[in-house]
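The block underneath contains the structure these notes are about, expressed in structure tokens.
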Amino acid sequence: MLQWYKAEKRDLPWRKERDPYKIWVSEIMLQQTRVDTVIPYFERFIDQFPTIEALAAAEEDKVLKAWEGLGYYSRVRNLQAAAREVHERYGGKVPNTLKEISSLKGVGPYTSGAILSIAYGVPEPAVDGNVMRVLSRILSIWEDIAKPSSRKVFEEAVRQLISTEDPSSFNQALMELGALICTPSSPSCLLCPVREHCSAFHEGTINELPVKTKKKTMRHVHLAAAVVKTEKEEVIIQKRPPEGLLANLWEFPNTELSGMGNPRVELELFLKREYGLDVQLEAEPFAKIQHVFSHLTWDIDVYEGTVSSAIPKKENSRVVKTEEVEEYAFSVSHQKIWKKAKGR
DNA sequence: AAGACGGGGAG
DNA sequence: CTCCCAGTCTT
């Protein structure tokens, strides 16, 4: 496997050097996110925040803007908080012990193992979805990988197998194998360097492994949003709360609909109550946007309205020039809204 | 143990 | 439309 890895490993930006900070950033970005998606974000992020000090000193709004569209935004808020912690408590050097590194915000069991092994050569397991899939097949492990408790089983397997010579390559090879060969569906067993050692291949159970139960309960939320323009080429935006979904991102004023009554009227009431604004919205929404999250769906009716002048009454809101809207970090759903609004 | 937390690519 | 991705935190 190591021989295969050396020959076939992808040429990825975070593999160009051993800077623990860059390894760290890449691992956070790669959580639940594909390599191809991460690459351009990683390049831009490192350009903008080349060191722990740069990240620690940055404004959160700039950091969120650099993360805009990547999703799971608590990752980057935790990353910056942790960077500040490393700067203050560890003199700007990413700690190299399991205890210390695990205590950093946003660094769980996978990421600690990944950073320790890749950046510091410590033989610690880094068990992600790839590793569980690959090892469940090779070793014929029938634990349900959706259960949190299963991770320990795979960590134990890795401890028995890991190369003490090159833990970094070992962990990355396992993941690379999962990404390139041992894929979730139709794996390329004929190209697999460890085919002869693979129980599932020999037993014909490749398509049964890994065992993974599925969950799901998709909530639907109906919203109405307002693009409120002034007569001076401005528009009203607001900042989301510091906790929860899309925390601290910017968006257009919006309210959850009761399901009864007229959405436009409910939205006008919201603008009156929250902003003290008397806005006459257009009768019909100019766009209807559907946005699917992992755990819920938003259906947004988008209305437009104009006010003569807006004094931002709401403390988390701003009136910004239309050409400056894109300097703010928006969730993708509200980027869709702005895209539609601009094209009118 | 289960749910919250984004977004996009693949089949 | 479903699955799932180099997961972590909260409840």
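The basis for the numbers below is simple: all heavy atoms, side chains too, and nothing from hydrogens, waters or symmetry mates. Just so we're on the same page: letters track the sequence lines, and every chain starts at 1.
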Margin query: Check the phosphate of C:dG7 against A:Arg151, side-chain N and O only, distance under 4.0 Å to OP1 or OP2. Yes or no?
Written below: no
Margin query: Counting the atoms with a prime plus P, OP1 and OP2 as sugar-phosphate, which does A:Arg15 contact under 4.0 Å by heavy atoms, base, sugar-phosphate, or nothing?
Written below: base
Next item on the list: Hey, which sits more toward the 5' end of DNA chain C by its nearest nucleotide, A:Ser102 or A:Ala114?
Entry: A:Ala114
Checklist line | By side-chain contact (heavy atoms from CB on, under 4.5 Å) - contacts of A:Leu12 (at least two apart) | finding: A:Arg10, A:Trp14, A:Arg15, A:Val35, A:Ile39
Notebook entry, point to check: Taking the six-membered ring of A:Tyr41, is the NZ or CZ of A:Arg44 close enough (under 6.0 Å from the centre) and on axis enough (within 45°)?
Noted result: yes
Notebook entry, point to check: Counting any heavy atom closer than 4.0 Å, what does A:Ser26 reach on the DNA or RNA strands: base, sugar-phosphate only, or nothing?
Noted result: nothing
Next item on the list: Could you verify whether a donor N or O on one side chain and an acceptor N or O on the other, from A:Arg318 and A:Tyr328, lie under 3.5 Å apart?
Entry: yes
What pairs of nitrogen or oxygen atoms, one from the protein and one from nucleotides 7-11 of chain B, lie under 3.5 Å apart?
{"residue": "B:dG7", "atom": "OP1", "partner": "A:Tyr73", "partner atom": "OH", "Å": "2.8"}
{"residue": "B:dG7", "atom": "OP1", "partner": "A:Val332", "partner atom": "N", "Å": "3.1"}
{"residue": "B:dG7", "atom": "OP2", "partner": "A:His291", "partner atom": "NE2", "Å": "2.8"}
{"residue": "B:dG8", "atom": "N2", "partner": "A:Arg34", "partner atom": "NH1", "Å": "2.5"}
{"residue": "B:dG8", "atom": "N2", "partner": "A:Arg34", "partner atom": "NH2", "Å": "3.3"}

Check: Which sits closer to the 5' end of DNA chain B, A:Ala247 or A:Pro148, going by the nucleotide each is nearest to?
Finding: A:Pro148
Notebook entry, point to check: Are OP1 or OP2 of B:dC5 and a side-chain N or O of A:His295 less than 4.0 angstrom apart?
Noted result: yes
Notebook entry, point to check: If you look at every strand shown and take non-hydrogen atoms under 4.0 Å, does A:Val35 touch a base, only sugar-phosphate, or nothing?
Noted result: base
Next item on the list: By nearest nucleotide on DNA chain C, pick out whichever of A:Glu176 and A:Asn78 is the more 5' one.
Entry: A:Glu176
Notebook entry, point to check: Do you see a donor-acceptor pair shorter than 3.5 Å between the side chains of A:Gln238 and A:Asn316?
Noted result: no
Check: What interatomic distance, in whole Å, is found between C1' of B:dG9 and the corresponding atom of C:dT8?
Finding: 23 Å
Notebook entry, point to check: When the aromatic ring centroids of A:Tyr72 and A:Trp67 are compared, is their separation below 6.0 Å?
Noted result: no
Next item on the list: For A:Leu177, answer base if it contacts any base atom (sugar-phosphate contacts may also be present), sugar-phosphate if it contacts only those atoms, and nothing otherwise; contact means non-hydrogen atoms under 4.0 Å.
Entry: nothing
Next item on the list: Would you please indicate yes or no on a ring centroid separation below 6.0 angstrom for A:Tyr5 and A:Phe170?
Entry: no
